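Source: prediction; values computed, not measured. In what follows, chains are A, B, ... by sequence order, proteins preceding strands, each numbered from 1.
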Amino acid sequence: MPPPTLSRPRSEPDPRAGRPRLARQPYRKIPGSVWLATPATVFIAVLFMLPLAILFAQSFQAGSLAPYHKALFDGLYVTVLINTLALAGYVSLICLLLAYPVAYFLATARGYWPTLGLIFLLLPFWTSILVRTYGWMVILGRNGIVNRLLLDLGVITTPIPMVNNLTGVLIGMVHVLLPYMVFPLYAVMRRMDLTLLSAAEGLGASRWAIFRRVYFPLTLPGVLAGTTLVYVLSVGFYITPALLGGGKVPMTALLIEKQVSQFLDWGFASALSVVLLVATLLVYLVLRIVLRGNMQWN
Amino acid sequence: MIDGIAQTNTAAEHVADGLRVHGAVRRFGQVNALAGIDLAVRNGELLTILGPSGSGKTTLLKVIAGFEQPDEGGVFLNASDITDAPPAKRDIGMVFQNYALFPHMTVAENIAFPLQMRKVPKAECTRKVQEALQLIDLPNFGTRFPRQLSGGQQQRVALARAVVFGPRLLLLDEPFGALDRKLREQMQLEVRRLQRRLGLTALFVTHDQEEALVLSDRIAVMDAGRIAQLGTPQDIYQRPVNRFVAGFIGESNLLHARMDDNGRATTDNGTQIALSRHAGKADDDIGVMLRPERARYLKEGEYADTTIRATVAEIVYLGDTTKYRLHADTGFDLIVRWPLHAAGHALAMGEQVSVGWDRDDIHVIRWT
């Protein structure tokens, strides 16, 4: 058999041609796999994209940009929008601060502790938001459990206002949204390579330095995922601010509801929704860019 | 001397600088992972801890690095007691099995990490990192992330990170396990070169006996939480002290035998083997060890102190040599390894051969 030479004409079939080439597979597989994706795509298109498109169209039904002008330049609506975004920011931050140690405990504890902790985290998660919100009203109200206890113990002389204000809304929202922060954090912490921490320690790092330089940066993907999830969910939150805020914590979602149910102004309600959606996306993008900058390695 | 224990050690003047482990015991439940380890690594020496998995070598390494506390005994580095010092205060550089490079830091940041922890001024830090990158022959890789490097390159970065701050001791925990054979051999030589050049005291942990023979000044063979033998590679290979070491290092033929009055050994199946000196009393239980390459193929009329007749039972071609399993007429199996043409022709299965060896080829060990 003659030795293979480099001058073999290109047209000659490559003896390896029969072997599947990894690089080509995705292209060849597309026609078949498209059908597999179809049901889900149709589902999403009809139930999510279509309503969104209708919403978008509706905001222009007056034939002018007046609704947008009102939503973006009327002082009231702008203030409420900023409040909403800020509140979502507070909720995300409080959730992060609370969830980080919880996730760390769940990820590192031994024996039955992680299971027990996950059960405690999931039980409220599976309970209706409405039930939990009313529960908080009972606990935090003027004559609620907390105030009664503190009054009877003589710690305070007048009840602390904890419902119908920002405090109540924050407590309620954080309680509902905490699991959404814990789970992404728990996931990255479970996957953490613990020899990295030993390595850092052996190289002379203090406990604080290990956390700041190694552990925390490595959990950033979880921080980003959890914060995004909680932020996006809080921006559109309705039940909790409506009930625990008692009308004193205005949020855009509440205003939208009011436009629809009281003023029947679908055009303006749609415009407000679109503005809220765009604002959420903008914040999400900023968050992503800032945190991604620290995650080039990932 | 600094402390009382050092005075009892005959090599105290060496031991004063370097690493010394004294009577280290570490228990996990009923198991003694370390059952009393005494070990001294001299300054500038590369000592290998060699043992199978479960022999306690990793526990010993952790005790020295400070990730485990010994239940008894102590660890001394340059004559200071570091038994209770946290890992961060020990000034020990360590290369981990999986390299343990920080994935979120660039190569340069990884190498700078121990310097930053020691508050080295920025300019000096940058200079040292650059020097370290030169040392490992990756001068332009500073801005890459670890996942952008090959296994061998990651290995070198891990090594640079472990030595850049001038540690008092370098620990290497099976660092070449994940590399292919060729790269592994190259890295072994590179580590050795670096260790010599920087004059580092180093402790190397491996289960690969070949690696241990290549790299080490001395080898400590561990078995069941104890050091079975400590010596130079030649000592360990040629004069193992017991069955475990003989079986663990290289291939060997090991036969149970009994001494007779004439300084000869008689194996269980009655083969008489000549010994070079009186290796014990009559009726002593001994092991007679013969390395496969020490047995000779005997042509017609050639003579050896011990000669047996055997049949070729298995042939394994190894390239530069060929390994044969021979079945002796007296009823035992013998592994030999010869250059291809030792017999003058290629041996065939079932062929009758004469095999012989001299007294000096036999090493006698305690059987119990």
Side-chain angles (χ1 to χ4, degrees), chain A residues 22-23 96 99-100 103-104 107-112 184-228 287-298, chain B residues 58 61-62 64-68 82 85-107 109-120 143-149 154 157-158 160-175:
Chain A
L22 277 177
L96 180 63
Y100 204 90
Y104 180 78
T108 54
R110 285 165 193 276
Y112 53 81
L185 287 173
Y186 172 75
V188 286
M189 287 175 182
R190 275 302 291 262
R191 275 186 281 123
M192 177 85 61
D193 178 2
L194 296 178
T195 51
L196 292 177
L197 309 182
S198 296
E201 199 182 359
L203 290 168
S206 63
R207 293 186 80 89
W208 170 240
I210 294 171
F211 177 76
R212 199 178 62 82
R213 296 288 311 275
V214 181
Y215 196 85
F216 185 69
L218 287 173
T219 56
L220 271 181
V223 171
L224 177 65
T227 310
T228 308
L287 203 64
R288 211 179 147 81
I289 289 163
V290 169
L291 285 179
R292 278 286 148 166
N294 293 316
M295 288 176 6
Q296 284 172 358
W297 53 276
N298 200 3
Chain B
T58 302
L61 197 77
K62 283 183 175 169
I64 293 167
F67 299 126
E68 289 271 356
I82 59 164
K89 300 276 176 233
R90 293 191 177 201
D91 261 340
I92 292 175
M94 181 154 172
V95 178
F96 288 79
Q97 214 162 355
N98 63 353
Y99 319 139
L101 292 176
F102 304 127
H104 60 296
M105 296 185 198
T106 63
V107 166
E109 284 166 352
N110 263 285
I111 300 176
F113 188 82
L115 299 172
Q116 288 163 350
M117 293 303 117
R118 286 167 178 74
K119 311 246 181 318
V120 173
T143 54
R144 301 231 193 150
F145 284 99
R147 69 175 165 82
Q148 297 170 310
L149 304 183
Q154 291 186 23
V157 174
R161 189 180 65 175
V163 301
V164 70
F165 59 99
R168 297 191 283 181
L169 177 70
L170 177 63
L171 298 179
L172 301 130
D173 182 13
E174 309 217 13

| message | Counting heavy-atom pairs under 4.5 Å with chain A, which one of Pro146(B), Ala100(B), Ala158(B) comes out on top? | response |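 Answer, by heavy-atom pair count under 4.5 Å with chain A: Ala100(B).
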
| message | Looking at chain A, which one of Pro167(B), Gly66(B), Pro87(B) has the largest number of heavy-atom pairs inside 4.5 Å, strictly under? | response |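 Top count of heavy-atom pairs under 4.5 Å with chain A: Pro87(B).
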
| query | Take atom CZ in Arg118(B); do more than 12 heavy atoms of anything else shown fall under 6.0 Å from it? | reply |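 Count over threshold, so yes.
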
| Counting heavy atoms not belonging to Tyr104(A), are there more than 12 under 6.0 Å from its OH? |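 Open: at most 12 neighbouring heavy atoms sit under 6.0 Å from OH of Tyr104(A).
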
Between [atom1] of [X] and [atom2] of [Y], what distance do you get to the nearest 0.5 Å?
X	Y	atom1	atom2	answer
Ile111(B)	Leu203(A)	CD1	CG	11.0 Å
Asn98(B)	Leu196(A)	CG	CG	7.0 Å
Tyr99(B)	Thr195(A)	OH	OG1	12.5 Å

Segment of [X] engaging chain A (4.5 angstrom heavy-atom cut-off):
X	result
Gln97(B)	neither
Phe102(B)	both
Leu171(B)	neither

| query | Under the side-chain contact (heavy atoms from CB on, under 4.5 Å) criterion, do His104(B) and Val214(A) qualify, and how do the steps go? | reply | CA-CA 8 Å; His104(B) 60 296; Val214(A) 181; 4.2 Å; yes

| request: Please examine the side chains of Ser198(A) and Phe96(B), heavy atoms only from C-beta on, and report whether any two atoms are closer than 4.5 Å. | output: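 Contact flag for Phe96(B)/Ser198(A) side chains = yes.
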
| task | Mind listing the closest non-hydrogen atom pair of Ala209(A) and Met117(B) along with its distance? | result |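 Closest heavy-atom pair between Ala209(A) and Met117(B): CB-SD, 3.7 Å.
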
